[in-house]
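Lettering of chains follows the sequences in order, A, B, ..., and the numbering in each one begins at 1.
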Number of protein chains: 2
Amino acid sequence: MSDKKETTTEPNSQGRIRQENKKRIMSAAEKVFAENGFRGSTTAAIADAAGLPKANIHYYFGTKEELYRAVVDDIVELWLSSFREITEDDDPASTLADYIRAKMELSRNRPEASRVFANELIRGAPRIKPYLSGDLKNWVESKSAILDKWVSDGKMAPVDSTRLIFHIWAMTQTWADFEVQWSCILGRQNGLEDADFEQATNSIITTILRNCGLLPLPERKPL
Amino acid sequence: MSDKKETTTEPNSQGRIRQENKKRIMSAAEKVFAENGFRGSTTAAIADAAGLPKANIHYYFGTKEELYRAVVDDIVELWLSSFREITEDDDPASTLADYIRAKMELSRNRPEASRVFANELIRGAPRIKPYLSGDLKNWVESKSAILDKWVSDGKMAPVDSTRLIFHIWAMTQTWADFEVQWSCILGRQNGLEDADFEQATNSIITTILRNCGLLPLPERKPL
DNA sequence: GGAAAATCCGACCAAAGGGTCAAATTTTGC
DNA sequence: GCAAAATTTGACCCTTTGGTCGGATTTTCC
């Protein structure tokens with residue numbers, strides 16, 4: 001079913017035009033898929049966004065499905081590569097804060113990538129389940145093991161380390177996926193501003209560090 | 001453009017069959033829209049899920065767009081009605097905990113509703129922006145005012161009350177919208193279990209209450 | 001019980017959708 | 001400079017899709 005174009009044989013060292021066009025198409029596709037999901041996106045819309053005739057999309061990617069997979073694979077790679085390595089010797093507070101900042105920068109700079117991913121998850125992740133149950137599961141397990149080590153070393157208070165990671169993701173990605181909701185509620189006519197992301201970042205960091213006993217208990221205002 | 005069936009004139013007191021069928025179709029539509037978004041959903045798929053011929057969908061709802069709006073309006077109403085009233089005289093800790101529990105129960109029991117809403121937001125909320133900038137904005141503003149009052153009354157520590165609400169939503173809704181991600185990572189072959197939701201609920205409550213200085217600072221394990 | 005209203009539903013239609021093709025043009029490698 | 005390879009593109013094809021229609025069946029109401 002997919003043995004007709006064999007992208008694997010392509011020498012790839014040359015093909016400057018090919019590289020450029022594929023990148024252009026994938027970037028356009030990311031936008032369209034983010035907004036409409038896989039089934040709701042049309043190859044015509046993608047071609048339009050890329051400024052190319054529809055036939056070119058099929059020339060470079062065969063089917064819509066293949067293009068989608070290429071886009072998703074790209075995002076998965078971005079996801080995994082964007083995590084700085086963490087070791088048990090690191091300082092919990094600054095490591096967690098840095099991680100939250102990195103995730104928020106992704107939400108700010110690559111919101112479409114986040115939304116493509118979100119779309120895929122909402123649909124039950126038919127195409128990326130193996131990745132979720134594989135690389136991603138391993139990543140979470142190894143990181144929560146480090147958190148647990150920090151706890152048992154007395155470097156931070158006991159927490160549910162797995163849920164901690166989940167909830168960091170939820171709080172950071174919501175600023176990309178559901179941006180329109182927050183910008184409406186905050187009354188930002190032209191979308192969220194840098195300052196909104198900064199404030200959100202600080203709020204998340206505070207929440208997480210307090211939860212881990214890494215910030216002093218905030219004083220209540222005296223009656 | 002919509003003056004041909006005039007659903008408003010329908011006496012509605014009779015029409016038992018009508019009520020039942022509309023409910024059946026909307027319930028099926030919620031499922032299909034949740035999984036495929038508006039553009040990705042076909043009326044045939046909805047009819048199929050409802051166990052009715054496609055023509056009936058159009059008989060009761062006119063167009064796909066009208067059906068979608070009916071479903072979304074229903075969800076918006078559910079959203080707003082599910083919030084217990086809060087007053088400044090309430091106890092912060094139990095009020096926040098109750099609210100988180102209520103949101104988590106919605107995520108557990110009406111995940112499709114949450115996903116339809118999420119789909120709409122990811123797309124930029126073309127059809128519900130007025131609701132976001134209206135009712136929802138007001139709701140958030142009135143609730144964050146109460147939180148602020150609690151702070152100035154010394155009943156809880158100073159927090160960014162608006163972001164607090166946003167992040168409660170993010171952490172609770174992620175368990176509906178992205179359930180597949182969490183169940184893969186947790187290795188649950190058959191989807192999340194009740195116990196998973198309980199554990200998540202507790203984790204969120206702890207996080208939020210600690211953030212508000214409503215739980216004692218957790219002790220670190222001594223070296 | 002019977003006529004009017006409501007409901008059901010298979011058959012149909014025009015538009016949009018994914019994908020193909022072959023001829024024309026451009027780029028590459030020597 | 002030129003032949004082979006790569007790329008471009010409009011026209012085309014078949015399937016899917018949202019939506020309609022009209023006649024059959026059921027329900028309602030007196």
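- Taking a cutoff of 4.0 Å between a charged side-chain nitrogen and a carboxylate oxygen, Glu20(B) and Arg16(B) qualify as a salt bridge.
- Distance, Ile57(B) CD1 to dT7(C) P: 14 Å, rounded to whole Å.
- Sorted by first then second residue, the side chain to side chain donor-acceptor pair (under 3.5 Å) pairs that include residues 34-56 of chain B, not counting sequence neighbours, number zero.
- Remark: Asn21(A) is in phosphate contact with dT8(D), judged by side-chain N or O atoms under 4.0 Å from OP1 or OP2.
- Using a 4.0 Å cut-off, no side-chain N or O of Tyr60(B) falls inside it from OP1 or OP2 of dA6(C).
- Of the candidates dT20(C), dG19(C), dG17(C), the closest approach to any side-chain atom of Thr42(A) belongs to dG17(C).
- Rounded to whole angstrom, the span from the CZ atom of Arg24(B) across to the P atom of dT7(C) amounts to 14 Å.
- Sorted by first and then second residue, the side chain to side chain donor-acceptor pair (under 3.5 Å) pairs involving residues 168-188 of chain B (not counting sequence neighbours) are His167(A)-Trp175(B), Tyr99(B)-Trp169(B), Lys103(B)-Gln173(B), Ser114(B)-Asp177(B), Thr174(B)-Trp182(B), Arg188(B)-Asp196(B).
- Taking 3.5 Å as the limit, the base of dG18(C) and the side chain of Lys54(A) contain a donor-acceptor pair of atoms between them.
- The distance from atom OH of Tyr59(B) to atom P of dA6(C) is 7 Å, rounded to the nearest whole Å.
- Rounding to whole angstrom units, CZ of residue Arg16(A) and P of dT7(D) are separated by 10 Å.
- Of the N and O atoms on the side chains of Arg115(A) and Asn119(A), not one donor lies less than 3.5 Å from an acceptor on the other residue.
- Under the salt bridge (charged side-chain N to carboxylate O under 4.0 Å, His left out) criterion, Arg127(A) pairs with Glu65(A), Glu120(A), sequence neighbours left out.
- Position along DNA chain D of the nearest nucleotide to Leu52(A) versus Lys64(B) favours Leu52(A) as the more 5'-ward residue.
- Look at NE2 on His58(B): it is 4 Å from P on dG19(D), rounded to the nearest Å.
- Rounded to an integer number of Å, the gap from Asn56(A) CG to dG19(C) P is 15 Å.
- Side-chain contact check for Ile205(A) versus Arg101(A): some heavy-atom pair is nearer than 4.5 Å.
- At least one side-chain nitrogen or oxygen of Thr43(A) sits closer than 4.0 Å to the OP1 or OP2 atom of dG18(C).
- Separating the CD atom of Glu20(A) from the P atom of dA6(D) is a distance of 17 Å, rounded to the nearest angstrom.
- Listed in residue order, the members of residues 29-41 of chain B having a heavy atom less than 4.0 Å from DNA chain C are Arg39(B).
- With sequence neighbours left out, the side-chain hydrogen bond (donor to acceptor under 3.5 Å, both in side chains) criterion links Lys129(A) to no other residue.
- Counting heavy atoms from C-beta outward, Asn138(B) and Glu141(B) have side chains that approach closer than 4.5 Å.
- The phosphate of dA6(D) (OP1 or OP2) has no side-chain N or O of Arg18(A) nearer than 4.0 angstrom.
- One atom, CD1 of Ile25(A), and another, C1' of dT8(D), lie 11 Å apart when rounded to the nearest Å.
- A cation-pi geometry, defined here as NZ or CZ lying under 6.0 Å from the six-membered ring centre and within 45° of its normal, holds between Arg18(B) and Tyr59(B).
- Along DNA chain C, the nucleotide nearest to Thr63(A) and the one nearest to Ile17(B) differ in position, and the one closer to the 5' end is contacted by Ile17(B).
- Summary of helix geometry: the two end axes of the helix from dG1(C)-dC30(D) to dC30(C)-dG1(D), each defined by five base pairs via their C1' atoms, are inclined to each other by 30° (rounded to 10°).
- Two residues are said to be in side-chain contact when any heavy atoms from C-beta on lie closer than 4.5 Å; Tyr60(B) and Leu67(B) fail this criterion.
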